[in-house]
Amino acid sequence: MATTQLRNFVNGEWRVSAAQEYLDVVNPATADVLARVPLSPAAEVDEAARLAAAAQQSWARVPAEDRIQYLFKLKVLLEDNLDELARTITMECGKTMDESRAEMRRAIENVEVACGIPTMMQGHILEDIASGIDEFMVRQPVGVTAIIAPFNFPGMIAFWFFPYAIACGNTCVIKPSERVPMTLAKVVALIEQTGLPKGVINLVNGAKETVDAILDHPAIRAISFVGSTAVARYIYSRGAANGKRVQAQGGAKNPIIVLPDADVEMSTKIAADSFFGCAGQRCLAGSVAVTVGSARDIFTEAIADAAATRVTGYGLDGGVQMGPVITPQSKSRIEGLIQKGIDEGASVLVDGRNPRITGYERGNFVRPTVLQNVAPTSEIARTEIFGPVLSLIHIDTIDEAIRFVNQNNYGNMACLFTSSGANARKFRNEAQAGNIGINIGVAAPMAFFPFSGWKDSFFGTLHAQSHHAVEFFTQTKIVIERWPQEWSRQF
Ligand code: NAD
């Protein structure tokens, strides 16, 4: 059977790209080629952006209450197709079906929150700012917006942005990750079924050349990016140099601190999902566990057991708790970093390198790995691994642990396990990260809260989701009015 060639969706039509080059979309567990994705040239971005700009003129005039009706329809379609979408995520990205379903639930949550736009988008007014003069602020859409997504949440991440963007009266060009473009193609096919006016949502597949065309296109006014720090920094600089508003979320290296007063059994269970869930390919994955004082021995033993017993395999198979990593290159990079940790003096407590997963010998599997005696200043303690690899660090006091957290270049998430309210309070006040978990291993904000990190994990001002998204996707306009009675024509 011929491999499906993915198409772009521009101005309400599925179009075959004129790309010179297509990439294989490969199932990371089986190495089967699932589809081929075009690396769309700049001309196709140009066409999508121009048509999106034309569509935006009339879309902005559709009442907010009518705009959100499409989102209500989309929510129902997403619910009805949840398993099919989850299956696609598992096939192209590798996570387990439960993880894929949870991802889509988080996506749907954003649709639900964006349905509140008629309230969230309101401005404000003050009468009589001076005698007989009123002043008010309204929010208007910014125009055409673009979303550039990473591989690790093929469905959810675009939802941090587009429901808010379109509900606010913008149109949108989405560029999925070229490694996992199938899920968003299915999402866009569902959006098409809602009857959304043509040109409001557009999908252009591709990689760097396509992204550069987005960054440089004069009609695109705002860019939402999620991916690695190096690319986030580039997107932020080039987008800003072209006068666009940009929100660019980058990588992470998330520490989890375990105090001696924590319920270690419960903490280990929760933290294990943070370290090894989604094969460590979450921007909110714990990557370093810092045990304080006497927490060390008991936590080390429990987490080693959790790592060694986690069932690794193909996410579509029942009972599997962890899937593969995304590419063979990713696998060798992760295994290289494990070796680097060993070379720096760490010892391997659980070694997940080069596992044999029966039936899936061609998959990119790395089993959960635990390194102990990792030096806080070593490279492995500071580098984003983005795989199921945990570094154990031991520190004597909570103050030193917080110092370690704050020396991190990244600032996406930091978590503390404790039974002390005072320690929890100290930590949440002092830890420098955008998301703090207290007895939580993956501190992912619900859609009704903004989401982003600090430091090298984020470039920009306004975060994803919720009110921040509404602010990002609107520009404020101030109106000052005077209507003197004596100027009124008599009738
Ligand atoms: P990536 O940076 O390689 O790619 C992200 C997007 O940028 C893709 O659409 C890709 O096509 C494009 N891109 C890649 N290289 C580019 C270049 N040189 N110029 C222009 N565009 C380019 O990231 P990834 O590997 O797909 O995703 C994993 C990374 O994303 C990890 O670092 C992870 O921490 C991060 N991430 C962060 C968050 C967050 O909320 N902070 C969420 C998810 C993932």
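In this chain, numbering begins with 1 at the start of the sequence shown. Computation of the quantities below employed the complete heavy-atom set of this structure, encompassing side-chain atoms and omitting hydrogens, waters and symmetry-equivalent molecules. Ligands are counted one by one from 1 in listed order, and the atoms in each one are counted from 1 as well.
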Of the choices Cys283, Gly251, Gly227, which has the non-hydrogen atom that lies closest to atom 35 (C) of ligand 1? Gly227
For Phe225 and ligand 1, answer yes if some heavy atom of the residue is under 4.0 Å from a ligand atom, otherwise no. yes
With a heavy-atom distance limit of 4.0 Å, tell me whether Phe458 approaches ligand 1 through its side chain, its backbone, both, or neither. neither
Heavy-atom distances under 4.0 Å are what count here, so tell me which part of Thr210 touches ligand 1: side chain, backbone, both or neither. neither
When you compare the side chains of Lys95 and Ser100, does any donor N or O come within less than 3.5 Å of an acceptor on the partner? no
Does the protein place any heavy atom closer than 4.0 Å to atom 19 (N) of ligand 1? yes
Is it the side chain (CB and beyond), the backbone, both or neither of Ile157 that lies under 4.0 Å from ligand 1, heavy atoms counted? side chain
Which residue is it: Trp160, Phe458, Phe159? I am looking for the one with a ring pair (Phe, Tyr, Trp, His ring centres under 6.0 Å) to Phe451. Trp160
Are Asn364 and Ile326 side-chain neighbours, meaning at least one heavy-atom pair lies under 4.5 Å? no
Which is closest to atom 37 (C) of ligand 1 in terms of heavy atoms, Gly250, Pro150, Gly206? Gly250
Pick, from Lys175, Glu384, Lys208, the option with the minimum heavy-atom distance to atom 34 (O) of ligand 1. Glu384
Check the surroundings of atom NZ in Lys331: do more than 12 heavy atoms from other residues, nucleotides or ligands lie under 6.0 Å from it? yes
Can you tell me how the ring of Phe299 sits relative to the ring of Phe275, calling it parallel under 30°, perpendicular over 60° and tilted otherwise? perpendicular
Measuring from non-hydrogen atoms of Arg179 to any atom of ligand 1, is the shortest distance under 4.0 Å? yes
Considering Ala252, Ser177, Ala149 one by one, which has a heavy atom nearer to atom 8 (C) of ligand 1 than any of the others? Ala149
Enumerate the salt bridge (Lys or Arg N to Asp or Glu O under 4.0 Å) contacts for residues 369-382, please, sequence neighbours excluded, ordered by first and then second residue. Lys340-Glu379
